[in-house]
Undergrad: 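Pasting a structure here, questions to come.
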Amino acid sequence: VGIKCDGTGCVENFSETKFSLTDKRIFNDLLRSRDVIFLHESKVANEFKNELESIGYRYPTGGLWILPLWNSRELLGALILDFGKKRYYLNTHQHTLLNFLARQVSIALEHSGLYNREKRTSKEMKLLQRASVEMLRIANMNEDAFWLTVLTITTASFGLEFNRALLFL
């Protein structure tokens with residue numbers, strides 16, 4: 001997980017911190033909820049505070065809000081919000097808005113991932129189509145050259161990178 005901190009009171013170089021979410025047992029357990037969670041400092045176990053502080057996040061005296069970011073099947077990450085030293089409790093409407101925000105961020109992340117996969121697949125399909133046209137052109141000119149091309153594609157470093165290919169006709 002990469003971290004980004006914005007606003008007053010951010011730790012210098014905080015955005016360069018990387019950690020595995022699975023290593024943070026309590027944090028990971030809290031994120032299993034699909035709802036926004038408020039944790040007041042007095043209600044938080046020292047172990048959880050230590051988990052957050054181990055990644056450079058100073059636990060705020062006013063508590064924090066954790067917004068789990070889920071797609072339909074998996075946890076994508078979390079957004080953590082706090083008011084620093086100020087103790088501020090959200091009303092029901094604000095709590096609902098945070099849940100809505102978490103869902104919208106999750107949807108945006110999921111769409112971004114789908115878009116990137118679609119873009120990559122489209123690129124691969126164009127490459128395969130070009131290769132198919134070229135192989136057909138070669139096959140029309142010379143069948144031996146076609147089979148040599150097939151063997152080259154399967155063994156070359158720019159192709160499938162098999163160590164050996166045998167052709168039996």
Side-chain angles (χ1 to χ4, degrees), residues 1-7 9-37 48 50-58 64-82 95-169:
V1 175
I3 304 171
K4 176 68 178 151
C5 182
D6 198 14
C10 287
V11 178
E12 191 174 324
N13 297 325
F14 188 63
S15 61
E16 296 173 12
T17 303
K18 301 278 187 216
F19 71 97
S20 171
L21 192 55
T22 55
D23 294 343
K24 309 300 179 195
R25 185 183 57 80
I26 297 173
F27 190 36
N28 203 0
D29 288 346
L30 287 169
L31 293 176
R32 293 292 158 218
S33 164
R34 291 183 179 247
D35 195 20
V36 171
I37 304 162
F48 178 63
N50 291 339
E51 281 185 2
L52 289 177
E53 289 173 0
S54 75
I55 60 171
Y57 183 81
R58 205 169 332 118
L64 58 81
W65 292 89
I66 300 176
L67 288 72
L69 304 174
W70 285 84
N71 70 10
S72 56
R73 293 166 281 143
E74 64 184 346
L75 179 65
L76 302 173
L79 180 61
I80 298 178
L81 307 172
D82 70 67
H95 188 268
T96 301
L97 284 175
L98 283 182
N99 271 317
F100 179 74
L101 172 65
R103 283 193 303 277
Q104 292 302 308
V105 170
S106 298
I107 289 168
L109 286 171
E110 189 171 12
H111 284 176
S112 174
L114 291 171
Y115 174 77
N116 287 334
R117 277 193 296 277
E118 178 64 32
K119 200 170 151 181
R120 186 175 53 249
T121 300
S122 176
K123 214 172 154 181
E124 290 169 354
M125 293 304 291
K126 285 179 184 176
L127 181 63
L128 287 172
Q129 194 270 336
R130 280 183 39 215
S132 180
V133 168
E134 187 61 23
M135 288 176 68
L136 184 58
R137 185 187 67 75
I138 292 170
N140 286 334
M141 290 183 345
N142 181 332
E143 187 176 347
D144 289 339
F146 168 74
W147 291 117
L148 180 60
T149 302
V150 169
L151 291 172
T152 301
I153 289 171
T154 60
T155 57
S157 61
F158 62 84
L160 299 174
E161 298 185 35
F162 282 95
N163 289 335
R164 296 189 298 178
L166 303 172
L167 177 62
F168 296 98
L169 296 175

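All of these numbers come straight from a predicted model, not from anything done at the bench. Atom set for the values below is all heavy atoms of this structure, side chains included, hydrogens, waters and symmetry mates excluded.
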Undergrad: Could you note down all residue pairs passing salt bridge (Lys or Arg N to Asp or Glu O under 4.0 Å) where residues 105-127 supplies at least one of them, sequence neighbours left out?
TA: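 As it turns out, there is no salt bridge (Lys or Arg N to Asp or Glu O under 4.0 Å) pair with a partner in residues 105-127 once direct neighbours are skipped.
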Undergrad: Roughly how far, to the nearest 0.5 Å, is CG of L76 from CD1 of I107?
TA: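 Nearest 0.5 Å value for the CD1-CG distance: 11.0 Å.
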Undergrad: Under the rule for ring-ring contact (aromatic ring centres under 6.0 Å, His included), what residues qualify as partners of H95, not counting sequence neighbours?
TA: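 With neighbours one apart ignored, the set is W65.
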Undergrad: Not counting sequence neighbours, which residues clear side chain to side chain donor-acceptor pair (under 3.5 Å) with E143? List them please.
TA: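 By the side chain to side chain donor-acceptor pair (under 3.5 Å) rule, E143 matches W147.
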Undergrad: Mark yes or no for whether T152, through its side chain, and L148, through its backbone, hold a donor-acceptor pair below 3.5 Å.
TA: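 Pair found, side chain donor or acceptor close to backbone of L148.
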Undergrad: Just list the side-chain donor-acceptor pairs under 3.5 Å for residues 97-104, sequence neighbours left out, or say none.
TA:
| from | atom 1 | to | atom 2 | distance (Å) |
| --- | --- | --- | --- | --- |
| N99 | OD1 | V36 | N | 3.0 |
| N99 | ND2 | D35 | OD1 | 2.5 |

Undergrad: With sequence neighbours excluded, tell me which residues meet side-chain contact (heavy atoms from CB on, under 4.5 Å) with R137.
TA: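 If we apply the side-chain contact (heavy atoms from CB on, under 4.5 Å) test to R137, skipping adjacent residues, the hits are E134, M141.
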Undergrad: For the CG atom of L69 and the OG atom of S106, what is their distance to the nearest 0.5 Å?
TA: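 Spacing of CG (L69) from OG (S106) equals 4.5 Å.
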Undergrad: What distance do L67 atom CG and I80 atom CD1 have between them, rounded to the nearest 0.5 Å?
TA: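 Atom-to-atom, L67:CG and I80:CD1 are 9.5 Å apart.
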Undergrad: Sequence neighbours excluded, which residues qualify as side-chain contact (heavy atoms from CB on, under 4.5 Å) partners of A145?
TA: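 With neighbours one apart ignored, the set is I138, N142.
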